[in-house]
Amino acid sequence: GAVVSQHPSWVICKSGTSVKIECRSLDFQATTMFWYRQFPKQSLMLMATSNEGSKATYEQGVEKDKFLINHASLTLSTLTVTSAHPEDSSFYICSAPPGDRGWSYTFGSGTRLTVV
Amino acid sequence: AQSVTQLGSHVSVSEGALVLLRCNYSSSVPPYLFWYVQYPNQGLQLLLKYTTGATLVKGINGFEAEFKKSETSFHLTKPSAHMSDAAEYFCAVSTNNAGNMLTFGGGTRLMVKP
């Protein structure tokens, strides 16, 4: 079945540094990738939608300059958290929407980011 | 616009008892509905989904859900809870557009008592 590989699975970084999270579609092409953020004991909230070949679409309240999203190819979407602060500590999950795979969303395994 | 409400952020049942997790949705067009399970520090696993056709949907691990349009509900049930069912459960809605995003409910933490 369709697989989205997300790396790293966990990362600890210092305040002020940047962290890049990658999501790769392994056996299909993903023209779109959704990026979600999940704070502890909360639900998944959509941050942005990346589209191959065009600019990402950000949800209201999400800082574009802080959360840089790039959809470099049909199999790779990245989220870079720039100048990370402790309040950015969260669980980040990517998801490829249904395409030719029937009505199935494919999720990455998630990245636990801890900013110290 | 679409939204999902999960009644009860925490549900506790005894092992062997019926599991009922409630989900109500709002959608201006016919919805596609999903239930996912999440174990700590892991991604989401699809339990079941409703797109079209039969309104009673059977999923993995003995779970099922029934789409009731008149009640705008998609409640998740399992006849007999197992300890391994303890996890976070999310109901989600999308619409008849393959590129549309999933909107998640707030989640329900299921606890199973021995």
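Protein chains get the first letters and strands the later ones, always in sequence-line order, with residue 1 at the start of each. Reckoned from all heavy atoms, side chains included, excluding hydrogens, waters and symmetry mates.
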Is it the side chain or the backbone of A:Leu44 that comes within 4.5 Å of chain B heavy atoms, both, or neither?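 Looking at A:Leu44, backbone and side chain both touch chain B.
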Tell me, side chain or backbone of A:Gln38 under 4.5 Å from chain B's heavy atoms, or both, or neither?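 Contact with chain B: side chain only.
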Taking the side chain as everything from C-beta on, heavy atoms only, tell me whether A:Lys41 gets closer than 4.5 Å to B:Ser9.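 Of all side-chain heavy-atom pairs linking B:Ser9 with A:Lys41, none is under 4.5 Å.
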Do the side chains of A:Thr57 and B:Met101 get nearer than 4.5 Å, heavy atoms only? no
Could you tell me whether B:Arg22 atom CZ has more than 12 heavy atoms of other residues or ligands within 6.0 Å of it?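 Counting neighbours around CZ of B:Arg22, 12 or fewer heavy atoms of other residues, nucleotides or ligands fall under 6.0 Å, so no.
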Around atom NZ of A:Lys66, are there more than 12 heavy atoms of other residues, nucleotides or ligands at under 6.0 Å? yes
B:Gln6 versus chain A, heavy atoms under 4.5 Å apart: side chain, backbone, both or neither? neither
So for B:Phe104, is it side chain, backbone, both, or neither that comes closer than 4.5 Å to the heavy atoms of chain A?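 When you check distances to chain A, atoms from both the backbone and side chain of B:Phe104 fall under 4.5 Å.
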Between OG of A:Ser109 and CD of B:Gln45, what distance do you get to the nearest 0.5 Å? 13.0 Å
Among the clusters formed by ILVMFWY side chains lying less than 4.5 Å apart, do [X] and [Y] turn up in the same one?
| X | Y | value |
| --- | --- | --- |
| B:Phe34 | B:Tyr50 | no |
| B:Val4 | B:Leu102 | no |
| B:Val93 | B:Val29 | no |
| B:Tyr89 | B:Leu44 | no |
| A:Met45 | A:Leu79 | no |

A:Phe91/B:Gln38 under side-chain contact (heavy atoms from CB on, under 4.5 Å): CA gap, chis, key distance, verdict: CA-CA 12 Å; A:Phe91 194 59; B:Gln38 184 182 37; 3.6 Å; yes
Quick check on the 6.0 Å ring-centre criterion: do A:Tyr105 and B:Tyr36 meet it?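 Aromatic pair excluded; centres sit 6.0 Å or further apart.
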Give a yes or no answer on whether the side chain of A:Ser43 reaches the backbone of B:Gly107 with a donor-acceptor pair at less than 3.5 Å. no
